[in-house]
Amino acid sequence: MKFLVFFLRPFLDLSAPVISSYLLATYTRVRFCCAVCTMDIPQQISSVNSMSKFALFAGFYADFNMDFWCRISPVIRVISEAPEVLFRIRGGLSLSFPLAAVDESSCKKALAKEFSNLSAKLRSESLVFHVSRTSLYIWPNTGVSTSPNDLTADSPCGDVFSLIQTDDDDSKRRSSKKKEKKIQQQVVNLSPMFEMSTSSKAVAPTIKYNTDCHHLVNITLPMDTAVSLPTEDKWGSLQKILVDKLVHQLADMEKCLMKYMKGSAICVAEPFHFVLPGRKELVTVVYPAGVAESQLENCRRVLHGEFNLPLDRPYFKRANAYHFPDEPYKDGYLRNPHVHLNHPALEGGTALVDVGDKPSSFVGSRQWIGSIEVQLVLNQLLGVTSKIMFVNQGTELASRGRDLVLHFQTEGTPVMIGGGVLAHTILGVNWSETTGEIKFLILDPHYKGAEDLQTIVEKVSSKMHHAVFYIINYQLIFRFVWENNLVTLCCRFLIKNLPCERGVRIKAQQMY
Amino acid sequence: MGRSYYVEEAVEKYFTKIVQQEKSYVIGLLIGHCSPQRDYVVLAVQTPQKEDQGEVPKKKSGSSTLDDIDEEWVSIHANQVNRMLPGGLLVVGVFLITSPELSKDSQNALRKLIFAVDKSSRKNRLWSLDENDVTDRVAVHICSATKKNTCRTFEVSDPKSTAKPADWKYQNTPSYWLTINGNVHVDLTIPLSSCATYQDRQKCTRQGLAQWAKELENAVIFFNGQVKDKDGDLVDEQKKSRSVAHCSPQTISANILLASNPFNRSTALVQVCKSSLSIQGVVKCRAYLSNNKPKVKDAVQAIKRDLLNTVSDRCEILFEDIILNGSQHESEKAPCPLPQRLFIPIPGSNIMLCDYVFGDEAEEDLQNRFLEMMDLEVFRKDLEFAEEIHTRDTHAKDDQYPHDSYQPDKSSNEEMHTLKKGASTKFQQNIGLLMATAVVLLAALISLHYLNQ
């Protein structure tokens, strides 16, 4: 399944249990997991030149330019020694200015002017921060707030949590949830606002024509700053830091906009936060929106130099950005199938009835289907052709090593493997050409337990007769010794020219 | 059960006065405040006579019928009146006073009027109704002979709605209203896709303001510096009892906070336009709410709508003036002042009506307008000038346009309201000139004096 792949995050110092627990992410009653998977994986992989890395899985140390690895979603828990609060300011600031001419220099001039106005506005008393899920509003430049008694300038900034309402009071009762909360870093979300009201005297407005203006530019700058501070730090000093961060980011955005604008075409700058090894603070980088990763290579190279980081890991790729624990994923990838995935059997069932493989009573039933049926469904619904390989015994699987490596090198899609009532998905193989020894990276869609390695080991090994697995270099590799079972391999071949829209549409149907 | 209208005593007196005029019929508007809990009528205003029409014949002359009623004219009157109403107040209905022989047609005529007035008020409105809005409008018919009144309501959102009976209760004691005040800084840039005619500019400005209205939808409003729950009470019980004891009308300050935009575009939006216009200033917003358990959301709605109305009404007034009289500004690049807002008290209530005046308008113009539109006499001492007149150019972004030769007016009449002085701006400038001449003369005389010594 696609989400499995995306759970891996090889470039961060994650412990093996974390990876493995996500590897065997739980899901029940998902019958066409491979069908979903084959649709999504090619989209990612088709852009990758070298599939060998994927097939062998030996190198988690992927190539710096490989996009694929960067789609792997973040699963991070920042654990710092002293309790810290992360203050995050997010919100769109709008820039609106008239342009007399569309040539680049006059455009830049107007933009610079507008940025300096906005910067001054951020330093003015009209700037207000609203602390999410509270009725607390602060005027950082004047020190005024709506709860002056609860939070004084001298109170520790961690006190702000006493004002934040938690969604579920149930969590207090459930000890397990409480534990989880402790691990997570506490995030205080703030949104910037501007006060329109003024204490100054009312002055009847004037209207003015600007006949030179032939274009009106509107930009919404997606501000997003993060500051981590010890909970003991004073609330009063925090406010200036927050404004400074915001102003600083505005300057970064200005640079970015200036650098990447072409004529009057201005792309919005987007901030990303990154976790770097050996650094507690998040590092924020501003990238131009809509510019491909490949075009930003130089930019990243400079950043690697600045932070003295090796060039073989994509620390600064956008997909590697830090994901805040309290924020929903916006990439649309499936992370917890229990939450989002609808039972897809209906569609598959209908398809099987359509091709005449099953009677109409099959639709809506809870019967499982095998590799052959998966092949039929894929062909019927998505026009994806598959190759079926038969193996008489599980042990014979080792003899298919070369075929599998070839498949992963050329196609790269997961392989469904079914034998008897068991079915798994092979995501990768590690095959030695000289010794013929083979290891498989397996996705087990039937595992329902908790994300605990010990349980996984017990359950999976008891279920898989003689399964042996190794954990090497944060990789979970299973070696199967299946006996007395006919093993069917269903390798799917991706269609190279699959129209993108279609893929997206199908994804939407199947996932949500 | 139908709606109940709590009517000020002044309205009853006004009706009595009109009945005494013995016209065969009189149409007018009812001004008040609607809330899901209660409806109030604070003022009744008769619609002025259309100039090209003869006087409505006196009673018993016979020939007049209600078919002559010009709904469009009444709608225009309602639109003019709407501009004079601060937030929270609106035209809640229409009244019709007829002689007994015309009474039988009155319901039909009132129905037509109610729908016509509502339709035209919707036309240029920047805000849309929400679920709290009362869409019932009241139609009152008074028979001039028997003085009997019939009160019915129509659901204006449903064109097929039928009249529902409603209560019309005169109040002996004047009602007290909560006043919500706030000065709001306005800084808008509106693209003009076409600026060939002033009508085009007017249209584009409307569109631009409608966009602004959308931005304001998410605005957060504080009352007396406090954020309050939308469904909560605006006034704490405790405080309220105190204020009732003192019997003083309460004033609440409102602060408007503009929320940050949601971001959904990855590129800048570049609109092509012929020119743009910017509106800048600090407008005075005011809204009135009934003292009967006002909700926070009512206050939010009232003050937001007042802000939108005060800006858009002024633009409309300016454009109407320019379209009728032509532009009085030689240079288009110079900022053109929008009319200034002022408030006028009404008898028997602490509510004030508002109006907009240009700097060169004389006091009589205002008095005449009020007499015509509101059937009210206005005295200079009662006027509350809520805003100062602009003397400095705050459109500071002009640095981008080096060709702009406009220089800020450095005259020192910032604090002066031309209207208050009852003189034109020109006259003031002359005074300045006179003074300067006087000073020069004086200086010359003094020096002469010293020289002689």
Side-chain angles (χ1 to χ4, degrees), chain A residues 90-100 102 106 109-110 113-114 117 126 128 130 135-137 144 146 191-223 257 261 264-268 270 288-290, chain B residues 182-186 189 191 195 219-220 222 225-227 254-263 265-284 311 314-315 318 332-341 386-390 394-395 397 399-401 403:
Chain A
R90 275 209 307 165
L93 296 185
S94 58
L95 278 183
S96 174
F97 58 95
L99 270 186
V102 286
S106 64
K109 207 174 148 192
K113 175 91 194 153
E114 205 51 36
N117 282 346
S126 72
V128 182
H130 174 225
S135 56
L136 176 64
Y137 290 80
V144 178
T146 52
S191 58
M193 300 179 100
F194 287 108
E195 186 170 359
M196 289 175 80
S197 296
T198 160
S199 52
S200 62
K201 281 182 201 159
V203 179
T206 55
I207 198 164
K208 189 182 173 183
Y209 289 105
N210 180 354
T211 43
D212 293 333
C213 164
H214 298 299
H215 293 85
L216 194 74
V217 185
N218 281 297
I219 312 174
T220 301
L221 299 170
M223 305 302 285
L257 253 63
M261 71 191 288
S264 65
I266 306 167
C267 55
V268 172
E270 281 179 309
Chain B
N183 289 1
V184 180
H185 187 253
V186 175
T189 306
C195 58
V220 175
F222 285 31
Q226 294 290 313
V227 213
N255 287 47
I256 304 182
L257 265 61
L258 202 59
S260 55
N261 296 0
F263 27 88
R265 285 183 60 91
S266 61
T267 53
L269 179 71
V270 182
Q271 283 172 280
V272 179
C273 53
K274 291 278 192 307
S275 65
S276 75
L277 61 80
S278 57
I279 303 170
Q280 285 180 353
V282 179
V283 294
K284 183 84 172 181
V311 176
R314 284 186 233 218
C315 293
L318 178 76
E332 286 214 317
K333 283 179 179 174
C336 172
L338 283 167
Q340 174 195 13
R341 194 174 199 184
E387 292 165 353
E388 291 177 2
I389 290 182
H390 226 292
T394 54
H395 298 250
K397 292 171 191 170
D399 307 22
Q400 313 156 28
Y401 310 104
H403 306 300

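No hydrogens, no waters, no symmetry mates; every other heavy atom, side chains included, goes into these values. Within every chain, numbering begins at 1; the chains are lettered A, B, ... in the order of the sequence lines, protein sequences first and strands thereafter. These numbers were taken from a predicted model, which means no experiment stands behind them.
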Contact check, side chains of A:P205 and B:E387, non-hydrogen atoms, under 4.5 Å: yes
Working to the nearest 0.5 angstrom, can you tell me the gap between [X] [atom1] and [Y] [atom2]?
{"X": "B:L258", "Y": "A:S126", "atom1": "CG", "atom2": "OG", "value": "10.0 Å"}
{"X": "B:Q271", "Y": "A:S96", "atom1": "CD", "atom2": "OG", "value": "8.0 Å"}
{"X": "A:I207", "Y": "B:L338", "atom1": "CD1", "atom2": "CG", "value": "5.0 Å"}
{"X": "A:K208", "Y": "B:S275", "atom1": "NZ", "atom2": "OG", "value": "12.5 Å"}
{"X": "B:S276", "Y": "A:N210", "atom1": "OG", "atom2": "CG", "value": "4.0 Å"}
{"X": "A:T198", "Y": "B:I256", "atom1": "OG1", "atom2": "CD1", "value": "12.0 Å"}

Can a donor-acceptor pair be found, under 3.5 Å and without considering hydrogens, that links the side chain of A:T146 to the backbone of B:Q226? no
Is the side chain of A:H214 donor-acceptor paired with the backbone N or O of B:K274 at a distance under 3.5 Å, no angle test? yes
If you count heavy-atom pairs under 4.5 Å with chain A, which of B:V311, B:L277, B:V220 comes out on top? B:L277
Looking at B:L257, B:V184, B:V186, which has the largest count of heavy-atom pairs under 4.5 Å with chain A? B:L257
Can you list the residues that meet the ring pair (Phe, Tyr, Trp, His ring centres under 6.0 Å) rule with A:F194, with sequence neighbours excluded? none
For A:V128, which atoms come within 4.5 Å of any heavy atom of chain B: side chain, backbone, both, or neither? side chain
Of all the heavy-atom pairs spanning [X] and [Y], show the shortest one and how long it is.
{"X": "A:S197", "Y": "B:N255", "answer": "OG-CA, 3.1 Å"}
{"X": "A:L216", "Y": "B:C273", "answer": "N-SG, 4.1 Å"}
{"X": "B:S260", "Y": "A:G92", "answer": "CB-O, 3.2 Å"}

At a 4.5 Å cut-off on heavy atoms, which part of B:A259 comes close to chain A: side chain, backbone, both, or neither? both
Given that the side chain runs from C-beta out, which part of B:A254 has a heavy atom under 4.5 Å from chain A: side chain, backbone, both or neither? backbone
